[in-house]
Amino acid sequence: MSLEIDEKLDHILQDLELIKNQLKIVPNREITIDNGKSSIEDYEKFAKELKLDEKTITNHLSTISRFLAHSKGVIDINSVKEFLDSNDSLSWKSNQIKALRKYIRDFLNLGNWIDEFKFSKSNAEIRTVPVDEDLMKFLQLLPKQTQVIALVLVTSGLRIGEVLSLRFVNIANELNMIDVSKVHEGDTKHSWLSFVTQQTIEILYEYLREINFDYEDESKLFSNSSRVVQSNFEQASEKIGFKLKPHTLRMVFTEKCTMSGIKDKYINAFCGRVSKSVLAKNYTDYSPTSLKREYEKVES
């Protein structure tokens, strides 16, 4: 009788194991990472195998690095909570938890306890745009290449990935126009054309002369990675006393356009938030000449 019970129990345990594997149930675990650099490098390989885009991977690596430094390598519910409590921004918390879920749950296989951290989407964060004086002070604290990148960001409204992908062929000299129509093509939104100010284009060309850039070469204008730019921004933020990210400069550009009376459809075009179908049907409105005319309202 005892033998039959043992056999039935073995079958039940085997069935439970199969169910657990099928549902991808992983027991909750806690660990301490002794070599953070090695773990981050291994995660980068893992993320690339998942075919995550470069910007997402860069953001994940930055989050994981900050978290491990903050927690001194300890990974458990309390260390994650303390890390998230270190910043009051809901959008910041949301971005950090996305990266930490991928790292803790999917890469380290520590279980699903990380999913307990959720933030209400109904609570909107009030974002403030820096005034011109503070912005200028901030830009002066950046290394030269990142400074030029920041100027292009704040005067064009482009994404950091788009600016870092630029080649000389993307710049139309006569209009100070930047053609990113082939740089970023999303499933719904499509980057198109934007511009930079005359002052920015002069600073850009001065920078290219300083580095002896080969205009016939098809190399990118900037050698910095998104990770380096983010790090430069963080260091400058610490020095000046307020936090500013590359994406903030896109907000500054949008705000300046709005204050200049530019219609939303043109602002969306500059920032690459227009669908392909709209661009196709309304090319006259979104032609280089039309967009340049609108850009002149904010250029000063």
Side-chain angles (χ1 to χ4, degrees), residues 20 23-129 159-161 186-189 225-238 242-251 273:
K20 184 179 76 173
L23 296 178
K24 297 181 179 179
I25 297 173
V26 179
N28 290 337
R29 298 188 297 121
E30 301 171 354
I31 63 171
T32 298
I33 299 291
D34 296 322
N35 191 332
K37 182 179 179 181
S38 176
S39 183
I40 291 171
E41 290 174 351
D42 289 342
Y43 175 80
E44 184 174 10
K45 295 175 185 176
F46 169 79
K48 288 180 178 178
E49 288 175 358
L50 292 180
K51 299 192 184 305
L52 301 182
D53 65 65
E54 183 179 346
K55 182 179 179 182
T56 298
I57 294 175
T58 298
N59 290 339
H60 282 193
L61 296 178
S62 177
T63 293
I64 295 167
S65 177
R66 286 196 299 269
F67 167 67
L68 291 178
H70 187 275
S71 70
K72 295 180 173 57
V74 176
I75 303 179
D76 58 22
I77 291 178
N78 289 330
S79 66
V80 172
K81 184 179 184 303
E82 289 174 2
F83 175 67
L84 295 174
D85 286 344
S86 67
N87 192 308
D88 294 330
S89 165
L90 288 175
S91 64
W92 180 86
K93 293 176 189 288
S94 179
N95 289 330
Q96 305 310 294
I97 203 64
K98 289 175 185 175
L100 291 178
R101 281 193 190 120
K102 212 72 183 168
Y103 176 63
I104 294 172
R105 181 191 62 199
D106 301 340
F107 173 64
L108 295 175
N109 292 315
L110 298 186
N112 298 319
W113 53 264
I114 189 73
D115 293 332
E116 296 177 13
F117 293 91
K118 291 180 172 57
F119 307 100
S120 173
K121 293 183 179 179
S122 61
N123 294 327
E125 177 196 4
I126 299 175
R127 298 183 295 181
T128 56
V129 175
R159 302 171 178 86
I160 180 64
D187 294 332
T188 55
K189 304 304 181 184
S225 65
S226 177
R227 197 171 179 178
V228 169
V229 174
Q230 295 280 0
S231 177
N232 292 157
F233 269 62
E234 289 173 4
Q235 292 170 14
S237 293
E238 290 178 2
F242 65 85
K243 197 165 188 177
L244 204 156
K245 301 179 180 179
H247 182 73
T248 311
L249 302 185
R250 190 167 154 91
M251 291 167 50
R273 297 194 293 253

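Residues D42 and S39 bring no donor and acceptor atom of their side chains to less than 3.5 Å of each other.
Remark: N87 pairs with no residue by the side chain to side chain donor-acceptor pair (under 3.5 Å) rule, at least two apart or across chains. By the salt bridge (Lys or Arg N to Asp or Glu O under 4.0 Å) test, K48 pairs with E44, sequence neighbours left out.
Between I75 and S79, the shortest heavy-atom distance links the atoms CA-OG, 3.6 Å.
Taken to the nearest 0.5 Å, the CG atom of L108 stands 4.5 Å off from the CD1 atom of I31. Rounding to the nearest 0.5 Å places NE2 of H247 at 6.5 Å from CE of M251. Distance check, rounded to the nearest 0.5 Å: CH2 of W92 to NZ of K245 gives 8.5 Å.
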Return all side-chain donor-acceptor pairs below 3.5 angstrom for residues 56-73, not counting sequence neighbours, or 'none' if the list is empty.
{"from": "T56", "atom 1": "OG1", "to": "D53", "atom 2": "OD1", "distance (Å)": "3.0"}
{"from": "T56", "atom 1": "OG1", "to": "D53", "atom 2": "OD2", "distance (Å)": "3.1"}
{"from": "T58", "atom 1": "OG1", "to": "E54", "atom 2": "O", "distance (Å)": "2.9"}
{"from": "N59", "atom 1": "ND2", "to": "K55", "atom 2": "O", "distance (Å)": "3.4"}
{"from": "H60", "atom 1": "ND1", "to": "Y43", "atom 2": "OH", "distance (Å)": "2.7"}
{"from": "S62", "atom 1": "OG", "to": "R66", "atom 2": "NH1", "distance (Å)": "2.6"}
{"from": "T63", "atom 1": "OG1", "to": "N59", "atom 2": "O", "distance (Å)": "3.2"}
{"from": "T63", "atom 1": "OG1", "to": "Q96", "atom 2": "OE1", "distance (Å)": "3.0"}
{"from": "R66", "atom 1": "NH1", "to": "E234", "atom 2": "OE2", "distance (Å)": "3.0"}
{"from": "R66", "atom 1": "NH2", "to": "Q96", "atom 2": "OE1", "distance (Å)": "3.1"}
{"from": "S71", "atom 1": "OG", "to": "F67", "atom 2": "O", "distance (Å)": "3.1"}
{"from": "S71", "atom 1": "OG", "to": "G73", "atom 2": "N", "distance (Å)": "3.4"}
{"from": "S71", "atom 1": "OG", "to": "V74", "atom 2": "O", "distance (Å)": "3.0"}

message: Would D106 and L50 count as a side chain to side chain contact (heavy atoms under 4.5 Å, CB included) here? Give the steps.
response: CA-CA 11 Å; D106 301 340; L50 292 180; 5.9 Å; no
field: Working for side chain to side chain contact (heavy atoms under 4.5 Å, CB included), residues L110 and E30
entry: CA-CA 7 Å; L110 298 186; E30 301 171 354; over 6 Å; no
query: Checking side-chain hydrogen bond (donor to acceptor under 3.5 Å, both in side chains) for the pair Q235/S231: CA distance, chi angles, key distance, verdict?
result: CA-CA 6 Å; Q235 292 170 14; S231 177; 3.3 Å; yes
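Proximity of a side-chain donor or acceptor of K93 to a complementary backbone N or O of L84 within less than 3.5 Å is detected.
Residues W113 and I104 form a side-chain contact, since some pair of their non-hydrogen atoms from C-beta on lies under 4.5 Å apart.
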